[in-house]
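As structure tokens, the structure follows; a few thoughts come after it.
Below, chain A is the first sequence line, B the second, and so on; all start at residue 1. Both backbone and side-chain heavy atoms feed into the values below; hydrogens, waters and symmetry mates do not.
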2 protein chains.
Amino acid sequence: MRKVFLFMDTVINKVDAKGRVSLPADYRAIVKELSTEIVCYRSLSAPCIEGCLEETLDKLANVIEDATDFFSETQDNLTNLIFGDARRFTFDSTGRIMLSEKLLKHAGISDTAVFVGKGRKFQIWNPQNWAKEEARIRAEVMKNRPVLKVNKDEK
Amino acid sequence: MRKVFLFMDTVINKVDAKGRVSLPADYRAIVKELSTEIVCYRSLSAPCIEGCLEETLDKLANVIEDATDFFSETQDNLTNLIFGDARRFTFDSTGRIMLSEKLLKHAGISDTAVFVGKGRKFQIWNPQNWAKEEARIRAEVMKNRPVLKVNKDEK
DNA sequence: TGGTATAACATGGTAAATTATGGGATTCAA
DNA sequence: TTGAATCCCATAATTTACCATGTTATACCA
């Protein structure tokens with residue numbers, strides 16, 4: 001029994017004529033072990049598909065419910081977009097999900113897709129687009145090294 | 001039952017044709033005792049592989065997860081790099097992990113690898129590269145002794 | 001302290017299981 | 001009945017699990 005559930009790694013899979021893609025085995029293992037489902041929606045910030053566990057969106061919904069901060073209204077708008085767009089994607093016995101035309105179009109994916117782990121979330125990109133995006137991010141990170149404080153709120 | 005979990009020492013192991021390497025026994029002991037897993041990724045700052053416990057990345061994910069940051073772009077970029085690159089590496093019954101081509105290439109490792117303890121993390125180097133790097137670091141430290149500021153609040 | 005028995009380890013090889021993916025067959029709805 | 005979605009089977013490639021052996025380190029005892 002694992003303790004930690006993170007979407008990681010970058011895996012390239014084929015999208016067949018029917019729009020089917022194998023969900024990476026690691027991702028499937030998480031879904032199974034937590035007996036939950038994958039949810040996907042169009043990313044609001046990039047030309048890619050974003051996915052996460054249903055629980056993750058549930059948490060988001062809870063926070064929005066009792067959000068009292070300044071940005072709550074903005075966030076509320078954003079969640080409208082997310083929840084309006086999101087859908088469950090269950091995988092079949094061979095581990096494949098069927099991405100919708102809408103999602104594929106948004107990400108510009110035709111016959112190949114690359115899954116990029118993001119911890120609690122993951123993204124699905126057109127391979128070429130991801131290559132460019134990764135290079136961009138890497139360059140930016142190298143330029144002004146941001147500090148990630150892992151132990152921020154640790155005691 | 002031990003109290004302290006640190007990756008230490010410098011161990012040289014062989015990498016076989018399939019990319020398999022024995023994880024140092026001490027490292028394995030830590031993983032087993034904490035019933036967790038090892039995660040490896042390309043170092044952002046050096047030509048080497050970096051590894052840590054899955055829990056370490058989980059802490060990072062928790063910080064990011066904070067729902068107010070659900071749509072944030074700043075840390076988002078960085079997690080793409082880290083989580084997109086990282087992967088769990090479970091060792092088999094004989095204690096070996098199988099390093100990916102990507103990681104080996106980044107570190108310039110072919111048939112020999114050296115594990116270097118770094119406390120909460122460790123690194124895997126090409127032996128020659130590590131020899132140079134160690135000499136460099138040692139010289140640097142000798143020249144201008146760094147000051148380690150310890151956070152008083154931490155225990 | 002020195003020597004030996006025992007256990008742990010690294011490492012090569014191989015067998016078994018998992019995974020990705022193509023191609024139908026079946027079902028359901030428009 | 002046509003098109004789409006779901007399910008099932010087959011297969012090749014990859015990954016993982018297991019066995020075997022020589023070597024090194026550790027524990028034990030005289």
Atom-to-atom span, [atom1] of [X] to [atom2] of [N] - whole angstrom:
{"X": "B:Ile12", "N": "D:dT24", "atom1": "CD1", "atom2": "P", "answer": "14 Å"}
{"X": "A:Asp26", "N": "D:dT15", "atom1": "CG", "atom2": "P", "answer": "12 Å"}
{"X": "A:Asp92", "N": "D:dA4", "atom1": "CG", "atom2": "P", "answer": "18 Å"}
{"X": "A:Asn13", "N": "D:dT14", "atom1": "CG", "atom2": "C1'", "answer": "13 Å"}
{"X": "A:Asp16", "N": "C:dG23", "atom1": "CG", "atom2": "C1'", "answer": "10 Å"}
{"X": "A:Met98", "N": "D:dA5", "atom1": "CE", "atom2": "C1'", "answer": "6 Å"}
{"X": "B:Lys18", "N": "D:dA13", "atom1": "NZ", "atom2": "P", "answer": "16 Å"}
{"X": "A:Phe91", "N": "D:dA5", "atom1": "CZ", "atom2": "C1'", "answer": "18 Å"}

Q) Would one find a side-chain N or O of B:Arg28 under 4.0 angstrom from OP1 or OP2 of C:dA10? A)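 For C:dA10, OP1 or OP2 has a side-chain N or O of B:Arg28 closer than 4.0 Å.
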Q. OP1 or OP2 of D:dA5 less than 4.0 angstrom from a side-chain nitrogen or oxygen of A:Arg96, does that happen here?
A.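 No, because none of the side-chain N or O atoms of A:Arg96 sits under 4.0 Å from OP1 or OP2 of D:dA5.
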Q. For the ring pair B:Tyr27 and B:Phe122, is the centre-to-centre distance below 6.0 Å?
A.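 That pair passes the under 6.0 Å test.
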Q | B:Lys14 atom NZ: more than 12 heavy-atom contacts under 6.0 Å | A |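 Incorrect, the count does not exceed 12.
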Q.
Within the 4.0 Å heavy-atom criterion, would you say B:Thr90 contacts the bases, only the backbone, or no part of the nucleic acid?
A.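 It contacts nothing in the nucleic acid.
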**Q.** Side-chain heavy-atom pair B:Val21, B:Arg96 within 4.5 angstrom cut-off
**A.**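 They are not in contact (no side-chain heavy atoms under 4.5 Å apart), so the answer is no.
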(Q) Quiz question: by atom type and distance under 3.5 Å, do the side chains of B:Thr90 and B:Glu37 form a donor-acceptor pair? (A)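 Checked: B:Thr90/B:Glu37 side chains show no N/O donor-acceptor pair below 3.5 Å.
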